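These notes concern the structure reproduced below.
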Amino acid sequence: MNLKALKNTEELQSFLEGSQAVAFSLPGKKEERYAFIQSTLKQFHYRAITKRQKGVVIRFLLQVTDYSRQQLTRLINQYLKTGVVQLNKVRHLDSDETNLRPFPNFLRMKSAHKLSADRFLDN
């Protein structure tokens with residue numbers, strides 16, 4: 001079945017009712033699934049539809065993408081805030097970079113205050 005042929009939430013509803021027994025999920029990489037989620041939200045004008053229609057779209061995406069409701073909610077919120085659904089790039093530090101972290105300022109301040117207090121007490 002061509003998922004792009006589904007044009008409105010009534011067709012999504014009939015798809016969900018007809019395919020409950022069939023396990024249907026999108027194969028592919030995470031980026032492709034995210035792009036599918038974004039295009040589906042855009043296609044069905046997720047920002048403007050009613051709460052009931054949003055529920056139908058969410059149930060459709062739950063079944064097709066095989067993501068949990070919590071993950072899908074995070075992705076939808078990301079779409080609502082930014083207009084896109086994309087991977088968050090995580091930057092991992094190399095072992096060499098961990099040694100280059102600067103000394104925390106609040107520790108520097110304590111050391112400086114302690115030294116000045118010690119000088120004052122010594123006099």
Side-chain angles (χ1 to χ4, degrees):
M1 170 175 240
N2 187 4
L3 297 177
K4 300 277 185 192
L6 301 171
K7 301 255 185 258
N8 55 35
T9 55
E10 290 82 19
E11 292 177 5
L12 283 183
Q13 182 70 35
S14 63
F15 172 82
L16 290 171
E17 290 169 357
S19 63
Q20 287 294 337
V22 178
F24 189 90
S25 65
L26 268 179
K29 297 180 181 178
K30 190 181 282 192
E31 295 89 356
E32 294 169 356
R33 289 183 185 193
Y34 281 20
F36 176 78
I37 291 169
Q38 179 179 332
S39 67
T40 301
L41 294 173
K42 194 177 288 188
Q43 176 184 355
F44 291 102
H45 306 285
Y46 188 81
R47 295 175 193 266
I49 58 179
T50 66
K51 192 172 186 177
R52 181 173 294 202
Q53 291 171 328
K54 286 179 181 181
V56 172
V57 172
I58 289 172
R59 283 199 339 260
F60 169 74
L61 288 173
L62 282 171
Q63 185 169 355
V64 172
T65 61
D66 204 29
Y67 282 131
S68 68
R69 185 163 185 93
Q70 293 82 5
Q71 178 67 17
L72 199 55
T73 300
R74 282 191 288 272
L75 295 174
I76 290 172
N77 285 335
Q78 182 185 34
Y79 173 78
L80 292 174
K81 286 181 185 176
T82 64
V84 294
V85 178
Q86 63 185 3
L87 285 172
N88 291 331
K89 301 293 181 187
V90 178
R91 183 172 172 253
H92 297 285
L93 295 176
D94 295 334
S95 61
D96 295 338
E97 291 182 55
T98 56
N99 296 333
L100 299 177
R101 292 183 181 165
F103 195 70
N105 284 335
F106 70 91
L107 291 177
R108 287 183 190 154
M109 297 298 284
K110 283 184 180 179
S111 299
H113 290 310
K114 185 177 180 183
L115 288 176
S116 62
D118 288 342
R119 280 191 226 144
F120 179 72
L121 293 174
D122 287 341
N123 289 336

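In what follows, residues are counted from 1 in the order of the sequence shown. Here the structure is a predicted model, which means the values were calculated and not measured.
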Applying the 4.5 Å side-chain criterion to the ILVMFWY set and letting contacts propagate, would Val84 and Leu87 be lumped into a single cluster?
-> no
Which residues pass the side chain to side chain contact (heavy atoms under 4.5 Å, CB included) test with Leu80, sequence neighbours left out?
-> Tyr46, Arg47, Ile76, Asn77
Any side-chain heavy atom of Tyr34 within less than 4.5 Å of one from Tyr67?
-> yes
Interatomic distance, Ile37 atom CD1 to Leu75 atom CG [nearest 0.5 angstrom] | 5.0 Å
Beyond-backbone contact of Lys42 with Gln38, side-chain heavy atoms, under 4.5 angstrom = yes
Any Ile58 side-chain heavy atom under 4.5 Å of Thr73 side chain = no
How are the rings of Phe60 and Phe44 set to each other: parallel, tilted or perpendicular (split at 30° and 60°)?
-> perpendicular
Hey, are the side chains of Glu31 and Gln86 touching, using non-hydrogen atoms and a 4.5 Å cut-off?
-> no
Between atom OH of Tyr79 and atom CG of Leu72, what is the distance when rounded to the nearest 0.5 Å?
-> 13.5 Å
Roughly how far apart are Gln78 CD and Leu41 CG, rounded to 0.5 Å?
-> 10.5 Å
How many angstroms lie between CZ in Arg69 and CZ in Arg74, if you round to the nearest 0.5 Å?
-> 13.0 Å
Between Gln71 and Ser68, is there a donor-acceptor pair closer than 3.5 Å when you use the side chain of the first and the backbone of the second?
-> no
